[in-house]
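First comes the structure, then the notes that go with it.
Letters A, B, ... mirror the listed sequences (proteins, then strands); counts begin at 1. Just so we're clear, the structure is a prediction, and the values are computed from it rather than from any experiment. Computation of the quantities below employed the complete heavy-atom set of this structure, encompassing side-chain atoms and omitting hydrogens, waters and symmetry-equivalent molecules.
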Number of protein chains: 2
Amino acid sequence: MAEAPVISSLQDIVGFHIRLAHGAVNRHFTETFCDLGMTQKQVSVLWLVSDNPGLSQIELGRELQMDRATTMTIVNRMQQRNFLRRERSATDGRKQSLFLTDEGAKALALSKSAVAQHEEWLRSRLNPEEIKKLVEMLAKIHD
Amino acid sequence: MAEAPVISSLQDIVGFHIRLAHGAVNRHFTETFCDLGMTQKQVSVLWLVSDNPGLSQIELGRELQMDRATTMTIVNRMQQRNFLRRERSATDGRKQSLFLTDEGAKALALSKSAVAQHEEWLRSRLNPEEIKKLVEMLAKIHD
DNA sequence: AACAATTGTATGCTCAACTAACCAATTCGC
DNA sequence: GCGAATTGGTTAGTTGAGCATACAATTGTT
């Protein structure tokens, strides 16, 4: 027996589609790269610290839109796995300066190639102009 | 002293922007409508059941892209709060048929006006054509 | 009738996000 | 310069969501 198609005005809600897309992206990432043992968020943290050595936790959190407590738990985990190193900032004694360890740099390199594959999957669903436009619109939403 | 701007090639990753946008939308939703005591996901469940009375959990999960276990926990919560009612399906004894209670219908009505306000905030950041295009692209990603 | 697949359920784990409270270092206002 | 306010980091506890696994009941297949 054919299923009755599920129809709902929920389809008109933009936020609904953002949530579904986020879920799909997350799922694809973890399914395909579960052996890495890294979440997208964790990769983002390493990535950002790599591009900005000495970054403080508060700046990291601002960039990734996490509060201090959330930032702590993620940085803690990355430190426990010996991917990140904390140092007291020389210029502001309240801040921590974050740096990648050698091991962290290796993990990031692996992660980046995983992300590249993942991005390819995502981008294959759209054409280049669409991608440009999509990023532009998403930026308007999260800025 | 001016902060060094945080620059990173992470900005070129589409998935990164999707995650940030999702976070922003989530944050705005919960900030503005915390008194409702409902998450977006929970609203989606009530909404979908309202538009499709007798929906089974598996169908609900498929539509919202959740597995059975996740669907369970959310339906359980909605049942505990007396928003949803479970019935054994007449046509298939394995399935549950889900229905809104009167209280659930009221909660949904309130939630819908909250979502409307939330959507207005989201949509105000884009123009109508952009919104159409955005939804179209997000659908390509999550389908 | 025997077997496989589907649906719901229960349990336990992980991750991420948030709050609240607290402390130390810094900056502000006077 | 000094006390007060702010900022950054830390800790602890709570919540929501997602996943894996195992199991029971029902249905479908052969």
Among side-chain atoms of [X] and [Y], is any donor-acceptor pair under 3.5 angstrom?
X      : Y     : result
A/S111 : A/W47 : no
A/R68  : A/Q57 : no
A/T70  : A/D67 : yes
A/R19  : B/S44 : yes

Checking salt bridge (Lys or Arg N to Asp or Glu O under 4.0 Å) for the pair B/E119/B/R123: CA distance, chi angles, key distance, verdict? CA-CA 6 Å; B/E119 272 285 294; B/R123 284 168 183 263; 3.0 Å; yes
Checking all strands, does [X] fall into the base, sugar-phosphate, or nothing category for heavy-atom contacts under 4.0 angstrom?
X     : answer
A/S56 : sugar-phosphate
B/D92 : sugar-phosphate
A/T73 : nothing
B/T70 : base
B/D67 : base

Apply salt bridge (Lys or Arg N to Asp or Glu O under 4.0 Å) to the pair B/R125 and B/E130, showing each step before the final yes or no. CA-CA 10 Å; B/R125 309 188 150 225; B/E130 283 180 319; over 6 Å; no
In whole angstrom, what separates [X]'s [atom1] from [N]'s [atom2]?
X     : N      : atom1 : atom2 : result
A/H22 : D/dA17 : NE2   : P     : 13 Å
B/M66 : D/dA20 : CE    : P     : 16 Å
A/R86 : C/dA24 : CZ    : C1'   : 16 Å
B/I74 : D/dG18 : CD1   : C1'   : 9 Å
A/R62 : D/dG8  : CZ    : C1'   : 11 Å
B/E59 : C/dT6  : CD    : P     : 14 Å
B/L36 : D/dT15 : CG    : P     : 18 Å
A/Q65 : C/dA17 : CD    : P     : 10 Å

[X] side chain near [N] phosphate (N/O to OP1/OP2, under 4.0 Å):
X     : N      : answer
A/T71 : D/dG9  : no
B/Q40 : D/dG16 : no
B/R27 : C/dC18 : yes
A/Q42 : C/dA16 : yes
B/Q57 : C/dT9  : yes

[X], nearest nucleotide to its side chain (from [options]):
X     : options               : answer
A/Q96 : D/dG9, C/dG8, D/dA17  : D/dG9
B/R77 : C/dG8, C/dA16, D/dA17 : D/dA17
B/M72 : C/dA16, D/dT7, C/dT9  : C/dT9
B/R88 : C/dG8, C/dA10, D/dG9  : C/dG8

So if I take residues 109-117 of chain A and measure heavy-atom distances to DNA chain D, which residues fall below 4.0 Å?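 Those residues whose heavy atoms fall under 4.0 Å from DNA chain D, taken from residues 109-117 of chain A, amount to none.
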Do any N or O atoms from the side chain of B/R88 and from the backbone of B/G93 form a donor-acceptor pair under 3.5 angstrom?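 Yes; judged by distance alone, with no hydrogens or angles, the pair exists.
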Find which nucleotide of DNA chain C each of B/T30 and B/S97 is nearest to by heavy atoms, and output the residue with the more 5' nucleotide.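 Residue closer to the 5' terminus by nearest nucleotide: B/S97.
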Which comes earlier along DNA chain C counting from the 5' end, the contact point of A/K41 or that of A/G93, where each point is its nearest nucleotide?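 By nearest-heavy-atom nucleotide position, the 5'-most residue is A/K41.
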Looking at [X], I want to see if its [atom1] is surrounded by more than 12 non-hydrogen atoms of other residues, nucleotides or ligands under 6.0 Å.
X      : atom1 : value
A/D102 : CG    : no
B/K140 : NZ    : yes
B/K106 : NZ    : no

Do B/I141 and B/I18 come close enough that some side-chain heavy atom pair is under 4.5 Å?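 Side-chain contact under 4.5 Å: yes.
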End-to-end bend of the helix from C/dA1-D/dT30 to C/dC30-D/dG1 (five-pair axes, 10° rounding)?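 Roughly 30° between the end axes, to the nearest 10°.
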With distance as the sole criterion, do the side chain of A/R68 and the base of D/dG9 form a donor-acceptor contact below 3.5 Å?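 Answer yes: a donor N or O sits under 3.5 Å from an acceptor.
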